[in-house]
Q: 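Sharing a structure with you now.
Values reported hereafter were calculated over all heavy atoms of this structure, with side chains retained and with hydrogens, waters and symmetry mates removed.
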Amino acid sequence: MPTFRSTEPGPRAARPPEPQGAPLAGVRILDLTRLLPGPVCTQHLADLGADVVKIEDLGAGDAVPPKLRALLHRNKRGIRLDLKHADGAAALLQLARTADVLIEGFRPGVMARLGLDHAAVSAVNPRLVYCSITGYGQHGPDRDRPGHDLNYCAEAGVADQIGTVHGPALSNVPIADLIGGALGAAMGILAALVDAQRSGRGRHVDIAMADGALAHAVMPLAALATSGRTRRAGTDTLTGGLACYATYRTADDRWLAVGALERKFWDALCDAVKRPDWKPLHRSGRRETEELLRGELAALFASRTLAEWDVQLRHAGCCVSPLRTLEEALADAQFRAREMVFESVHPSYGPVTQVALPVRMSGHQFAIHRHAPRPGEHTAEVLREAGYDDAAIDALMTRGAAAAAS
């Protein structure tokens, strides 16, 4: 077994300096997750100042495309451990002694088979917050089923609400992965961290992406409570049932988003397009009236280009917006003014357009302090901080329990 200097829970091991004012400065997170939900969660936490150590295996590691890796892992450090190797598992437990959070995304039971489940890790560090992200959670009849975002949304009754009267649609912004997995995990971790500071005891945070999708299906849930059933996609308030809340094609084959749900915004739109006779038709409650009004709005908006409508309606106070492409959104003056978009050049992956942390707070300025690490880029550095000397680190690598960047 490798030797290392004892580092018991309590006094902190040496940690790299954090940006002044970062709210999570001094918090260390061991990140065993892959793909999207866990990495997005830990990216947000890293952007808020946490020292996130991304732990990958010695094989494929986190098999995401290079550009996506550059987007998901900024401000993190990277190491490689073989957790199936006894020395690799022991190294993770040693790292856990002075960590604040461990987050993993394996199927239920995997960490227990490795001897690294919540019970094992909390035995060496009772204050550590241990977060598990899975599709269906740590218990229940579906806990062992595989799945992806589409499956979780389908099971939760959310996919049924996405689309038109002609059928369901797919989203390129994964709802269950991001709302249920990434943001749900971040919320649970931060809550448990606050409690651990007060009580000295960590918690096991059990995040199911399907749960997160179901928990945010508030609009169809309200329809169910009101009328005893959900409405078919394309017919409810926010999915196309109202002419005042819909998308319309323009003369140049682009689209306008009309969101005049409230009467004051609808009246402003009617005034802006010189159709005061439409004002009484707002949210009529009659399908025939809505369809008639939708046809008249479609004919009107088809008469001019998107740019022309944008000039006319942008400052009319009527909640009408152009449907932008992502490329257009990245160039938009509002997002640029908010410093949400910036260009970076990764030393291994080349130019990457980055989107900033979407959380602003006084005393903290978002910045990239580290590019996304190559797998194993900081293996020796992190193990040294955990108490391993150079000989022990060399022994781990020789035995195939750890590896540096290739």
Q: With side-chain hydrogen bond (donor to acceptor under 3.5 Å, both in side chains) as the rule and sequence neighbours excluded, what pairs involving residues 203-221 come up?
A: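 Listed by first then second residue: Ser132-His204, Asp195-Arg203.
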Q: Could you report the tightest heavy-atom contact between Ala272 and Ala316, atom names first, then the distance?
A: CB-CB, 4.0 Å
Q: Is the closest side-chain heavy-atom distance between Leu238 and Tyr245 below 4.5 Å?
A: yes
Q: Quick one: are Ile133 and Phe106 in side-chain contact, heavy atoms under 4.5 Å?
A: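 No, too far: nothing below the 4.5 Å cut-off.
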Q: Any luck finding a side-chain donor-acceptor pair between Gln354 and Arg74 under 3.5 Å?
A: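 Arg74 and Gln354 do have a side-chain donor-acceptor pair below 3.5 Å.
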Q: Considering only residues two or more places apart or on different chains, which pairs with a residue in residues 150-162 satisfy salt bridge (charged side-chain N to carboxylate O under 4.0 Å, His left out)?
A: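 Checked against salt bridge (charged side-chain N to carboxylate O under 4.0 Å, His left out) - neighbours excluded - the pairs reaching residues 150-162 are Arg145-Glu155.
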Q: side-chain hydrogen bond (donor to acceptor under 3.5 Å, both in side chains) with Arg201: which residues, sequence neighbours excluded?
A: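 With neighbours one apart ignored, the set is empty.
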Q: Is the shortest heavy-atom distance from the side chain of Met111 to the side chain of Val121 under 4.5 Å?
A: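 Sidechains of Val121 and Met111: no contact.
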Q: Would you please test Phe301 and Trp309 for ring pair (Phe, Tyr, Trp, His ring centres under 6.0 Å) and show each step?
A: CA-CA 8 Å; Phe301 289 129; Trp309 282 120; 5.1 Å; yes
Q: Go through it in stages, so that I can follow the logic: the residues are Asp253 and Leu306, the test is side-chain contact (heavy atoms from CB on, under 4.5 Å), and I'd like the CA-CA distance, side-chain angles, deciding distance and then a yes or no.
A: CA-CA 8 Å; Asp253 207 27; Leu306 181 67; over 6 Å; no
Q: Spell out, as yes or no, whether a donor-acceptor pair under 3.5 Å connects the side chain of His346 to the backbone of Ala70.
A: no
Q: Donor-acceptor pairs are to be reported for all side-chain atoms of residues 167-183 against protein atoms at under 3.5 Å, with residues two or more places apart or in another chain.
A:
{"unit_1": "Ser171", "atom_1": "OG", "unit_2": "Val173", "atom_2": "N", "d": "3.1"}
{"unit_1": "Ser171", "atom_1": "OG", "unit_2": "Val173", "atom_2": "O", "d": "2.9"}

Q: Does the side chain of Val258 come within less than 4.5 Å of Leu297's, by heavy atoms?
A: no
Q: Applying side-chain hydrogen bond (donor to acceptor under 3.5 Å, both in side chains), which residue pairs with at least one partner in residues 55-65 are found, sequence neighbours left out?
A: Arg34-Asp57, Lys54-Asp62, Glu56-Arg69, Asp62-His73
Q: Between Leu242 and Thr237, does the side-chain contact (heavy atoms from CB on, under 4.5 Å) criterion hold? Intermediate values first, please.
A: CA-CA 6 Å; Leu242 297 175; Thr237 301; 3.7 Å; yes
Q: For Ala386 versus Gln94, what's the shortest heavy-atom pair and its separation?
A: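 Here Ala386 and Gln94 meet closest at O-NE2, 2.9 Å.
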Q: A side-chain contact here means heavy atoms from C-beta on lying under 4.5 Å apart; do Tyr130 and Glu104 qualify?
A: yes
Q: Do any pairs count as a side-chain hydrogen bond (donor to acceptor under 3.5 Å, both in side chains) and have a residue in residues 111-123, sequence neighbours left out, and if so which ones?
A: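 Found none.
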Q: Return the minimal non-hydrogen interatomic distance between Pro220 and Thr230, and the atom names on each side.
A: O-CG2, 3.6 Å
Q: Do Leu48 and His364 have side-chain heavy atoms sitting under 4.5 Å apart?
A: yes
Q: Working to the nearest 0.5 Å, report the span between OG1 of Thr134 and OH of Tyr152.
A: 7.5 Å
Q: What is the distance from atom CG of Leu102 to atom CG of Asp31, rounded to the nearest 0.5 Å?
A: 8.5 Å
Q: Under 4.0 Å between a side-chain nitrogen and a carboxylate oxygen: does that hold for Asp332 and Arg336?
A: no
Q: Determine, for Arg275 against Asp277, whether the closest basic-nitrogen to carboxylate-oxygen distance falls under 4.0 angstrom.
A: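 Salt bridge flag = yes for Asp277 with Arg275.
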Q: For the OG1 atom of Thr247 and the CZ atom of Arg254, what is their distance to the nearest 0.5 Å?
A: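 Answer rounded to 0.5 Å: 13.0 Å.
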Q: Which residue, Asp51, Ile55, Val52, forms the side chain to side chain contact (heavy atoms under 4.5 Å, CB included) with Arg77?
A: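 Testing each of Asp51, Ile55, Val52 against Arg77, the sole residue satisfying side chain to side chain contact (heavy atoms under 4.5 Å, CB included) is Asp51.
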Q: Would you sort out whether Phe335 and Phe342 count as a ring pair (Phe, Tyr, Trp, His ring centres under 6.0 Å), showing the intermediate values?
A: CA-CA 10 Å; Phe335 293 124; Phe342 56 95; over 10 Å; no
Q: Do Arg286 and Glu291 sit within salt-bridge range, that is, some charged N less than 4.0 Å from a carboxylate O?
A: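 No.
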Q: Within a reach of under 6.0 Å around CE of Met361, are more than 12 heavy atoms found that belong to other residues, nucleotides or ligands?
A: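 Enclosed.
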Q: Quick one: CD1 on Ile393 to OG1 on Thr379, what's the gap to the nearest 0.5 Å?
A: 9.0 Å
Q: Do the side chains of Arg384 and Glu381 get close enough for a salt bridge, i.e. N-O under 4.0 angstrom?
A: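 Salt bridge: no.
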Q: Any chance you could measure Leu293, atom CG, to Thr289, atom OG1, to the nearest 0.5 Å?
A: 8.5 Å
Q: Indicate whether the side chain of Ser284 and that of Glu290 have a donor and an acceptor atom separated by less than 3.5 Å.
A: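 Yes.
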Q: Apply side-chain contact (heavy atoms from CB on, under 4.5 Å) to the pair Leu193 and Val101, showing each step before the final yes or no.
A: CA-CA 8 Å; Leu193 273 176; Val101 178; 3.9 Å; yes
Q: Roughly how far, to the nearest 0.5 Å, is NZ of Lys67 from OG1 of Thr353?
A: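 Interatomic distance, Thr353 OG1 to Lys67 NZ, rounded to 0.5 Å: 8.5 Å.
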Q: Determine, step by step, whether Leu128 and Asp100 satisfy the side-chain contact (heavy atoms from CB on, under 4.5 Å) criterion, reporting the C-alpha distance in whole Å, the side-chain angles of both residues, the deciding distance to 0.1 Å, and the verdict.
A: CA-CA 5 Å; Leu128 181 135; Asp100 299 284; over 6 Å; no
Q: Look at Asp271 together with Lys279 and state whether they make a salt bridge at an N to O cut-off of under 4.0 Å.
A: yes
Q: In terms of ring plane angle, is the pair Trp278 and Trp266 parallel, tilted or perpendicular, where the classes change at 30° and 60°?
A: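 Judged by the thresholds at 30° and 60°, the geometry between Trp278 and Trp266 is parallel.
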Q: At their closest point, which heavy atom of Thr305 faces which heavy atom of Ala251, and how far apart are they?
A: N-CB, 3.9 Å
Q: Does any part of the side chain of Thr42, heavy atoms only, come nearer than 4.5 Å to the side chain of Lys76, both counted from C-beta?
A: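 Yes, at least one pair of side-chain atoms sits under 4.5 Å.
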Q: So which heavy atom on Ala217 is nearest to which on Val158, and how close?
A: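 Answer, listing the atom of Ala217 first, then Val158: CB-CG2, 4.1 Å.
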Q: Would a 4.5 Å heavy-atom cut-off, applied to side chains only, mark Ile189 and Cys41 as touching?
A: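 Heavy-atom side-chain distance check passes, below 4.5 Å.
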Q: Take atom NE2 of His148 as the centre, draw a 6.0 Å sphere, and report whether it contains more than 12 heavy atoms from other residues, nucleotides or ligands.
A: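 Atom NE2 in His148 is not packed in, count stays at 12 or less.
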Q: Can you see which heavy atom on Tyr349 is nearest to which on Pro373, and at what distance?
A: OH-O, 4.3 Å
